[in-house]
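Just below is one structure, and these are the notes that go with it.
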Amino acid sequence: MDTKVASVDVASLDGEVSSVKTSVVPISHSESTLGRHIARRLVQIGVSDVFSVPGDFNLALLDYLVAEPGLNLIGCCNELNAGYAADGYARSRGVGACVVTFTVGGLSVINAIAGAYSENLPVICIVGGPNSNDYGTNRIIHHTVGLPDFTQELRCFQTITCFQAVVNDLEDAHELIDKAISTALTESRPVYISISCNLPTISHPTFSREPIPFSLSPKLSNKMGLEAAIEAAAEFLNKAVKPVMVAGPKLRVAKACDEFIELADSCGYPVAQMPSAKGLFPEEHPRFIGTYWGVNMLSGDTVVIAETGDSWFNCQKLKLPKGCGYEFQMQYGSIGWSVGATLGYAQAASDKRVIACIGDGSFQMTAQDISTMIRCGQNNIIFLINNGGYTIEVEIHDGPYNVIKNWNYTALVDAIHNDEGKCWTSKVFCEEELVRAIETATKEKKDCLCFIEVIVHRADSSKSTLEWGARVAAASGRAPNPQ
């Protein structure tokens, strides 16, 4: 048995090709298995944490992820949160991964994958699938809807992933897995990989090559077309009276934040940003004029995550210092997203302290993975805005269904903490108490996960929320066009 270091060319997260070394591990033919190949591939593209929920179809694969020195397998409380965590992780690291089991797990994680698709995030969703011998046999297996059709899950994922790979044969497994991963990175979208449960432990010659070639060709513009476009844009802008640059969320996808800043410096135009691009352009820039949506403790060492709802609008007013990140799910707007996203982002960016603003209705959706944050030793600050319901829905169309059962949220987090790990909670009712809680969270409890429940009146919402709710209500309430 020889000890080797595999070195492969992969695309780094800024789009440049760099040499990435895999873990130093003993290599032998018996270890050249499908499971180890997937584990090493994840490490090679920059994934060091994988979010998972075990199930009988993925257990053998999880063994290999646990055994990979470069990977940390993080068990989440449910598949939805595992997907949200991979979403948050990808926002910081550039790519994320989650592993669930067939159908019951895949259909549970699918909402999170749809959200990642809407935000152009490369999330690798790996599903432990049926035994390879069961394909084509018309057998009905457990964890399905009771039909001899193994394609139901695949068909569901086809519209929200940019590539799907069903691996039930070792002969093309290497090619399918590598193509799926490279497509995720190239397209900056989620991919779906199903691995038959009996294959991860089996060796195959295609997995034994060291190093295994793996490279991504950089996207190249058509030179003549690019020059023509630049000339046309320059001619148009030179005629403009008051041109303004507007930063949008595609800057992240194109990995063009630095180039956008360079353009702003060169042309001297004022720069605004769309709400979904907040945090992608430095707000201390001399040309920055604000967020085009016509502080409380932030620094370059922090990241703000805003949950769908009133937190959207309130957090948009924050003045972000240099280096302070900002994330929210503008397009998909899935309530409860921020709990898992906070877990994933914090795990990817250990040099940052994540500050999350979450409504009580959203928190009730995904609260369980506070336990995973504590288990991982994270020091996030979570502001739980307790106003007794789905406030943003109230402003669109009110009804008794928007009132939720009130929880003692600090007591819930204390129960989850159970004196294992570092966690501090506080319930505040006024501004003075909030100021003191923030001071405690940022000073003597800076190494703890800090959970601050803020009690507010049900009608205490921002003007922006009221205006947005009225517009959505008007749009949703339009009468049918006459036939």
Side-chain angles (χ1 to χ4, degrees), residues 13-14 87-88 90-94 119-121 237 240 242-331 333 337-338 341-342 345-346 348-358 380-383 385 434-435 438-439 441-442 446 462-465 467-468:
L13 302 184
D14 59 4
D87 171 311
R91 290 168 184 267
S92 173
R93 191 64 65 87
E119 300 278 323
N120 292 98
L121 296 171
L237 291 171
K242 292 183 177 180
V244 176
M245 293 175 62
V246 180
K250 299 300 183 184
L251 284 176
R252 184 210 302 275
V253 181
K255 301 178 175 65
C257 293
D258 292 340
E259 289 78 4
F260 188 83
I261 296 171
E262 183 179 350
L263 178 59
D265 292 335
S266 301
C267 69
Y269 297 162
V271 181
Q273 65 187 3
M274 296 173 64
S276 52
K278 189 174 177 69
L280 299 182
F281 185 82
E283 297 187 9
E284 83 286 351
H285 192 279
R287 299 290 179 183
F288 181 68
I289 59 175
T291 300
Y292 185 73
W293 191 326
V295 339
N296 294 12
M297 60 184 298
L298 300 182
S299 69
D301 297 325
T302 57
V303 175
V304 176
I305 290 185
E307 174 60 75
T308 300
D310 204 30
S311 295
W312 268 1
F313 305 95
N314 289 318
C315 289
Q316 283 293 324
K317 300 171 186 176
L318 295 173
K319 176 67 174 177
L320 300 182
K322 183 178 181 180
C324 180
Y326 184 88
E327 301 290 347
F328 75 139
Q329 197 185 58
M330 179 66 184
Q331 176 63 42
W337 160 84
S338 63
T342 296
Y345 198 106
S350 57
D351 58 327
K352 302 275 189 179
R353 190 174 194 189
V354 178
I355 301 171
C357 296
I358 307 175
N380 312 320
I381 300 177
I382 296 176
F383 291 99
I385 315 302
L434 178 60
V435 170
I438 291 174
E439 185 175 10
T442 54
K446 65 181 180 180
S462 67
K463 181 181 178 182
S464 298
T465 304
E467 293 173 347
W468 185 83

Open item on the list: In the structure I gave you, are the side-chain heavy atoms of Gln273 and Phe288 within less than 4.5 Å of one another anywhere?
Closed with: yes
- [ ] State, with a plain yes or no, whether a side-chain heavy atom of Leu320 is found less than 4.5 Å away from one of Leu298.
- [x] yes
Open item on the list: Restricting to non-hydrogen atoms, name the atom on Ala306 and the atom on Ser311 that form the minimum distance, rounded to 0.1 Å.
Closed with: CB-O, 3.9 Å
Task: Close side-chain approach of Ile358 and Ile382, heavy atoms under 4.5 Å - done: yes
TODO: With the side chain counted from C-beta on, respond yes when His285 and Lys322 share a heavy-atom pair under 4.5 Å apart, and no when they do not.
DONE: no
Open item on the list: One pair to check against side-chain contact (heavy atoms from CB on, under 4.5 Å): Glu259 and Leu251. What are the steps and the verdict?
Closed with: CA-CA 9 Å; Glu259 289 78 4; Leu251 284 176; over 6 Å; no
TODO: Might you work through the side-chain contact (heavy atoms from CB on, under 4.5 Å) test for Met245 and Phe281, ending with a clear yes or no?
DONE: CA-CA 11 Å; Met245 293 175 62; Phe281 185 82; over 6 Å; no
- [ ] Answer yes or no: is there a side-chain heavy-atom contact under 4.5 Å between Thr442 and Ile381?
- [x] yes
- [ ] Would you confirm whether Arg287, through its side chain, and Gly268, through its main-chain N or O, come within 3.5 Å as a donor-acceptor pair?
- [x] yes
Open item on the list: Applying salt bridge (charged side-chain N to carboxylate O under 4.0 Å, His left out), can you list everything that pairs with Glu284, at least two apart in sequence or on another chain?
Closed with: none
Task: Under 3.5 Å: donor-acceptor pair, side chain of Lys352, backbone of Gly323 - done: yes
- [ ] Before giving the answer on side-chain hydrogen bond (donor to acceptor under 3.5 Å, both in side chains), spell out for Gln329 and Glu307 the whole-Å C-alpha distance, their side-chain angles and the decisive distance to 0.1 Å.
- [x] CA-CA 8 Å; Gln329 197 185 58; Glu307 174 60 75; over 6 Å; no
Open item on the list: Counting neighbours of NZ on Lys317 that are heavy atoms of other residues, nucleotides or ligands and sit closer than 6.0 Å, is the number greater than 12?
Closed with: yes
Task: Minimal non-hydrogen separation, Pro270 against Pro243, with atom names - done: CD-O, 3.4 Å
Open item on the list: I need the minimum non-hydrogen distance between Met274 and Pro249, along with the two atoms involved.
Closed with: SD-CD, 4.1 Å
Open item on the list: Any heavy-atom pair between the side chains of Ile438 and Phe383 that's under 4.5 Å?
Closed with: yes
Open item on the list: For a side-chain contact (heavy atoms from CB on, under 4.5 Å) check, start with the C-alpha distance between Leu121 and Arg91, then their side-chain angles and the critical distance, and finish with the verdict.
Closed with: CA-CA 7 Å; Leu121 296 171; Arg91 290 168 184 267; 3.7 Å; yes
Task: Distance, nearest 0.5 Å, that separates OG of Ser276 from CZ of Arg252 - done: 9.5 Å
TODO: Please report the shortest heavy-atom distance between Ala272 and Val244, naming the atom on each side.
DONE: N-CG1, 4.2 Å
TODO: Determine the sole option in Val304, Ile355, Ile305 for which the side chain to side chain contact (heavy atoms under 4.5 Å, CB included) test with Tyr326 is passed.
DONE: Val304
TODO: Examine distances only and state if a side-chain atom of Ser266 and a backbone atom of Glu262 form a donor-acceptor pair shorter than 3.5 Å.
DONE: yes
- [ ] List the atom of Phe328, the atom of Pro275, and the distance in Å for their closest heavy-atom pair.
- [x] CE2-O, 2.9 Å
Task: Short side-chain to backbone donor-acceptor contact, Lys278 and Leu318, under 3.5 Å - done: yes
Open item on the list: To check you understand the geometry: which heavy-atom pair defines the closest contact between Gly248 and Leu280, and what is its length?
Closed with: O-CD1, 4.0 Å
TODO: Could you tell me whether the side chain of Gln331 and the main chain of Glu119 form a donor-acceptor pair under 3.5 Å?
DONE: no
Open item on the list: Asn120 vs Lys250, test: side-chain contact (heavy atoms from CB on, under 4.5 Å). Steps then yes/no.
Closed with: CA-CA 8 Å; Asn120 292 98; Lys250 299 300 183 184; 2.7 Å; yes
